[in-house]
Amino acid sequence: MAEFFAAPQCPKGPVDVILDTDTYNEIDDQFAIAYMLHAPEKLRVRAVCAAPFLNAKSESPADGMEKSYHEIIKILTLAGRQDLVCQVYRGSTEYLPDENTPVESEAARKIAAIAMEYTKEKPLYVVAIGAITNVASALLMQPEIREKMVVVWLGGHDIHWPDNKEFNLMQDVASARIIFGCGVRLVQLPCMGVVSAVATTGPELIHWLRGKGPLCDYLCDNTIQEAESYAKGKAWSRVIWDITAIGWLLNDDNRLMQSREIPSPIPQYDHHFSFDPRRHPMTYVWHINRDAIFTDLFTRLTKGK
């Protein structure tokens, strides 16, 4: 490793952001896009990239990526931000075949090209909330961008969790190993054990969002519809995982979450983390102030409505 960077801290002023998202996978990426769009004083959007995914909502990683691409455009349209549609890019159609071979895509090329405009002192912030194939491919294609960006990733579980079978990470372990191992400045938001606390309910969403415009109605109704598809007649809450990755960029004075510096863990192919205290440092979020981040989200989405 040529150089170790200090673990990233929340940026003080406005920053440029790329969001990499498997938007159609669940109902939480949509909230993350909306949160980003409603923080213009801090976040300047350079691109939104569609990430691959494979589950019951897609027939293949390529199908998941394509559905996510169209869902991104849907959210931008509901938000009245059609001006950003030209900055939405299709991502990888498959996961990395190994740790040395990138998957070419419009998104990976765009991440690499945009990152080359930045410097170590003034980096680009790449927020990833799905399988991190596009970002890892960009790093393989253009290794110089390692020092020109900060990656904020919702991926993996708490390092004390019994296993590391987390959806974003386990889809493409090779990409995760690149991100954790290449020395890029990294912020990890672990899912189970940390971000899993960030849950909301139907009545809360109705109270805050229903009737506050097309975007708010969609976020509210889409979440309730999905939850009631598996929990109708039962109590339910839903974790809105992905807002926390945007929230880290807005975490002035640690008002939304707490983090610490740790040596970068090593994702293994058998779905656990290994540890080496000699590894380069990264920022590890260990606590989310659930009420604070939802208050910030809802206040931003409904301001003036």
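Please read all numbers here as calculations on a predicted model, not as lab measurements.
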Taking Q188 for its side chain and V152 for its backbone only, find out whether a donor-acceptor pair lies under 3.5 Å.
no
So which pairs with a foot in [range] pass salt bridge (charged side-chain N to carboxylate O under 4.0 Å, His left out), sequence neighbours left out?
range: residues 183-200; value: none
range: residues 135-144; value: none
range: residues 119-135; value: E3-K120

Taking only residues two or more places apart in sequence or in another chain, which ones pass side-chain contact (heavy atoms from CB on, under 4.5 Å) with [X]?
X: D296; answer: Y35, L250, R255, L256, R300
X: R177; answer: E99, V173, I266, P267, Q268, Y269
X: A107; answer: C49, Y89, S105, N134

K110: partners by side chain to side chain donor-acceptor pair (under 3.5 Å), with sequence neighbours left out
none
Go through the structure and list residues passing side chain to side chain donor-acceptor pair (under 3.5 Å) with N100, not counting sequence neighbours.
none
Output the rest of the hydrophobic cluster of [X]: all Ile, Leu, Val, Met, Phe, Trp and Tyr residues reachable through side-chain heavy-atom contacts under 4.5 Å, sorted by chain and number.
X: W236; result: I206, I224
X: L54; result: Y95
X: Y24; result: F53, F167

Extract all donor-acceptor atom pairs below 3.5 Å that involve side chains of residues 189-202 and protein atoms in other chains or at least two apart in sequence.
| residue | atom | partner | partner atom | Å |
| --- | --- | --- | --- | --- |
| S196 | OG | G193 | N | 3.0 |
| T200 | OG1 | E204 | OE1 | 2.4 |
| T201 | OG1 | E204 | N | 3.4 |

